[in-house]
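Chain letters run A, B, ... following the sequence lines, proteins first and then strands; every chain starts at 1.
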There are 2 protein chains.
Amino acid sequence: MSTLWNRSRQAAITEVIGVAMDLFLDKGFEATTFDDIAAAAGISRRSLFRYFGTKEDIVLFHLSGEGPQAAAALAARPDDEPLWTALLNVMLLIEDHGGDPARLLKISEMMYGTPSLRARSLEKHLQWQADLLPEVKRRLGTTSGDLQAAAVIASALACMDAAGEAWTRAAGTVPLGHLLTDAFDAMAQAAR
Amino acid sequence: MSTLWNRSRQAAITEVIGVAMDLFLDKGFEATTFDDIAAAAGISRRSLFRYFGTKEDIVLFHLSGEGPQAAAALAARPDDEPLWTALLNVMLLIEDHGGDPARLLKISEMMYGTPSLRARSLEKHLQWQADLLPEVKRRLGTTSGDLQAAAVIASALACMDAAGEAWTRAAGTVPLGHLLTDAFDAMAQAAR
DNA sequence: TGCCTGATTGACACTGAGTGCCACTCTGAC
DNA sequence: GTCAGAGTGGCACTCAGTGTCAATCAGGCA
């Protein structure tokens with residue numbers, strides 16, 4: 001209900017994320033306090049906590065919608081495509097979000113360089129895992145259960161993470177798509 | 001240096017871990033405070049912080065030594081064994097730590113049921129990754145770099161994690177070795 | 001034995017995350 | 001215009017985590 005309200009709330013959240021990101025990238029993630037963000041965003045600390053339970057949530061907020069998106073992309077892949085290839089193609093699609101490349105790199109560096117953020121982003125993978133599970137299970141066939149599907153998805157996400165880290169370490173000079181492909185190929189190679 | 005000292009410090013740490021684990025399993029992880037643990041262990045809160053920087057560290061302490069152990073086990077596998085098979089065999093060896101099964105299950109349930117612990121344990125994987133990297137790189141051959149090796153290791157750890165979660169969900173009624181094998185097989189199957 | 005030195009410990013104080021509570025305000029419905 | 005419901009801000013609180021400093025303990029040495 002109350003779409004008008006939802007719109008303005010969404011706008012407020014987007015606004016806060018922008019302000020907070022600027023602070024994070026400027027002062028560093030750990031050095032930025034909730035008070036700093038609340039003051040910069042012009043809301044009370046208490047309200048900020050109602051939007052985002054933790055500082056990590058502010059950074060990771062935009063990732064939360066990508067799970068279902070990935071699930072849809074996977075369902076759209078042809079049925080005769082090998083699962084590992086299909087997952088690679090899904091990752092190649094998902095990673096393709098625009099935005100300022102330099103800023104994206106700085107955010108990546110912050111993510112991979114801040115232990116608590118890294119940990120929380122790994123935790124986010126669990127949500128992806130749940131989102132992708134049904135379609136992966138279907139493709140694996142009736143002999144496979146949740147475990148098999150979860151193992152494959154978790155491996156794919158692990159490869160994506162490895163590629164992301166390599167991209168960050170290379171300061172974005174190598175296309176992420178190439179690194180993703182390399183990681184998935186290496187895994188396939190190792191398994192034969 | 002000072003081996004005598006190190007021995008008694010080690011004993012103290014082991015003692016504290018035991019006390020803390022009892023509290024965690026009794027009251028729950030989140031509900032147990034540093035004050036509780038310090039009081040039960042008979043040391044000051046400040047000293048407890050010197051042993052363990054965070055509550056999560058107390059639980060995860062015993063996992064920290066397994067990275068080098070896994071690296072040694074991998075180096076001991078025959079050179080002509082396929083990498084993925086070798087990694088599975090390493091995991092099968094490592095998981096074989098004795099101890100009370102019921103307690104182990106309760107600890108596992110706590111780990112998989114507490115977000116902050118789950119996140120930190122995923123973070124621990126990064127250390128394993130670093131430990132295993134050289135040997136995996138060697139086995140992948142000269143054409144592969146850090147990314148390829150990291151992707152394969154991260155996938156293996158992801159499979160191990162999926163198996164561990166399945167084991168916990170099954171309340172330990174299925175041998176972890178079986179689940180590990182299933183997970184690794186599923187991944188190999190998906191990649192061909 | 002008794003002193004010296006270095007490391008550990010415990011007590012205190014402080015910052016910051018995160019939560020509960022309550023009064024205030026805004027908005028839409030009647 | 002009033003009422004109900006949801007959001008907001010302020011306050012106080014708990015707990016994690018850190019810096020500081022004085023007290024203490026253990027071992028080396030005269």
Side-chain angles (χ1 to χ4, degrees), chain A residues 1-17 19-21 23-24 26-61 110-111 114-121 123, chain B residues 1-17 19-21 23-24 26-61 110-111 113-121 123-124:
Chain A
M1 298 304 129
S2 188
T3 310
L4 176 89
W5 161 245
N6 284 337
R7 262 200 299 273
S8 70
R9 180 187 176 94
Q10 188 57 47
I13 287 181
T14 307
E15 163 86 13
V16 169
I17 290 180
V19 168
M21 278 298 177
L23 284 173
F24 290 153
D26 183 37
K27 302 175 54 177
F29 181 76
E30 323 238 299
T32 305
T33 71
F34 257 97
D35 283 303
D36 295 337
I37 303 167
I43 60 175
S44 73
R45 203 178 72 104
R46 194 66 190 81
S47 292
L48 183 54
F49 271 113
R50 285 198 190 91
Y51 288 139
F52 307 98
T54 69
K55 267 198 297 184
E56 288 78 16
D57 284 338
I58 301 180
V59 179
L60 296 171
F61 188 82
M110 184 175 77
M111 293 263 287
T114 308
S116 69
L117 266 178
R118 178 72 182 260
R120 285 297 304 276
S121 82
E123 200 185 348
Chain B
M1 298 302 129
S2 185
T3 311
L4 177 90
W5 163 244
N6 284 339
R7 262 199 300 274
S8 71
R9 181 188 175 92
Q10 186 58 46
I13 287 181
T14 308
E15 162 85 14
V16 170
I17 290 179
V19 168
M21 278 297 175
L23 284 173
F24 289 153
D26 183 36
K27 302 175 56 177
F29 181 76
E30 322 239 301
T32 305
T33 71
F34 258 97
D35 282 304
D36 296 335
I37 303 168
I43 60 176
S44 74
R45 202 178 72 104
R46 194 64 188 84
S47 292
L48 183 56
F49 271 113
R50 285 197 189 90
Y51 288 138
F52 307 97
T54 70
K55 269 199 294 185
E56 288 79 16
D57 284 339
I58 301 180
V59 180
L60 296 171
F61 188 82
M110 185 175 76
M111 293 264 287
T114 309
S116 70
L117 267 178
R118 178 73 182 262
R120 284 296 304 274
S121 82
E123 200 185 348
K124 277 270 170 185

S.K.: Under 3.5 Å for both distances, Watson-Crick or G-U wobble, that's the pair rule; now give the dot-bracket for DNA chain D, with | marking pairs to another strand and [ ] for crossing ones.
M.R.: ||||||||||||||||||||||||||||||

S.K.: Report yes if the side chains of B/D57 and B/Y51 come closer than 4.5 Å at any heavy-atom pair, otherwise no.
M.R.: no

S.K.: Using a cut-off of less than 4.0 Å, is there contact between a side-chain N or O of A/S44 and OP1 or OP2 of D/dT8?
M.R.: no

S.K.: Between C1' on C/dA11 and CG on B/L48, what's the gap in Å once rounded to a whole number?
M.R.: 15 Å

S.K.: Nearest whole angstrom, please: distance from the C1' of C/dA17 to the CD of B/E56.
M.R.: 13 Å

S.K.: Working to the nearest 0.5 angstrom, can you tell me the gap between A/L117 CG and A/F24 CZ?
M.R.: 7.5 Å

S.K.: Under 3.5 Å, side-chain donor or acceptor atoms of residues 28-38 of chain A against the rest of the protein: list the pairs with distances, not counting sequence neighbours.
M.R.:
from	atom 1	to	atom 2	distance (Å)
A/T32	OG1	A/G28	O	2.7
A/T33	OG1	A/D35	N	3.3
A/T33	OG1	A/D36	N	3.1
A/T33	OG1	A/D36	OD1	3.4
A/T33	OG1	A/D36	OD2	3.3
A/D36	OD2	A/K27	NZ	2.8
A/D36	OD2	A/T33	N	3.0

S.K.: Atom NZ of A/K55 to atom P of D/dG17: distance rounded to whole Å?
M.R.: 13 Å

S.K.: Please figure out whether B/G42 or A/E30 has its closest DNA chain C nucleotide nearer the 5' end.
M.R.: B/G42

S.K.: Please report the distance, rounded to the nearest Å, between CZ in A/F29 and P in C/dG16.
M.R.: 14 Å

S.K.: Quick one: B/D35 CG to C/dA11 P, roughly how many Å, whole number?
M.R.: 12 Å

S.K.: Side-chain N or O of B/Y51 less than 4.0 angstrom from OP1 or OP2 on C/dT8?
M.R.: no

S.K.: For the residue pair B/P115 and B/G113, what are the closest heavy atoms and their distance?
M.R.: CD-O, 3.6 Å

S.K.: Nearest 0.5 Å, please: how far is CZ in A/F61 from CD1 in A/I17?
M.R.: 5.0 Å

S.K.: Which heavy atom of A/A41 sits nearest to which heavy atom of A/V16, and what is that distance?
M.R.: CB-CG2, 4.1 Å

S.K.: Answer with base, sugar-phosphate or nothing: what part of the nucleic acid does B/T32 contact at a heavy-atom distance below 4.0 Å?
M.R.: sugar-phosphate

S.K.: Between B/V59 and B/M21, which heavy-atom pair has the shortest distance, and what is it?
M.R.: CA-CE, 3.4 Å

S.K.: How many whole angstroms separate atom CZ of A/F34 from atom C1' of C/dG18?
M.R.: 8 Å

S.K.: Take atom CG of B/D36 and atom P of D/dC15, then tell me their distance rounded to the nearest Å.
M.R.: 8 Å

S.K.: Set out, line by line, the N/O atom pairs under 3.5 Å between protein and nucleotides 19-21 of chain C.
M.R.:
from	atom 1	to	atom 2	distance (Å)
C/dG20	N7	A/R46	NH2	3.0
C/dG20	O6	A/R46	NE	2.6

S.K.: Return the CE to CD distance between B/M111 and B/E56, rounded to the nearest 0.5 Å.
M.R.: 10.5 Å

S.K.: Would you name the heavy atoms of B/V19 and B/A40 that are closest together and state the gap between them?
M.R.: CG1-CB, 3.5 Å

S.K.: C/dG16 phosphate, OP1 or OP2: any side-chain N/O from A/T33 under 4.0 angstrom?
M.R.: no

S.K.: Write down the distance between CZ (B/F52) and P (D/dT18), rounded to a whole number of angstrom.
M.R.: 15 Å

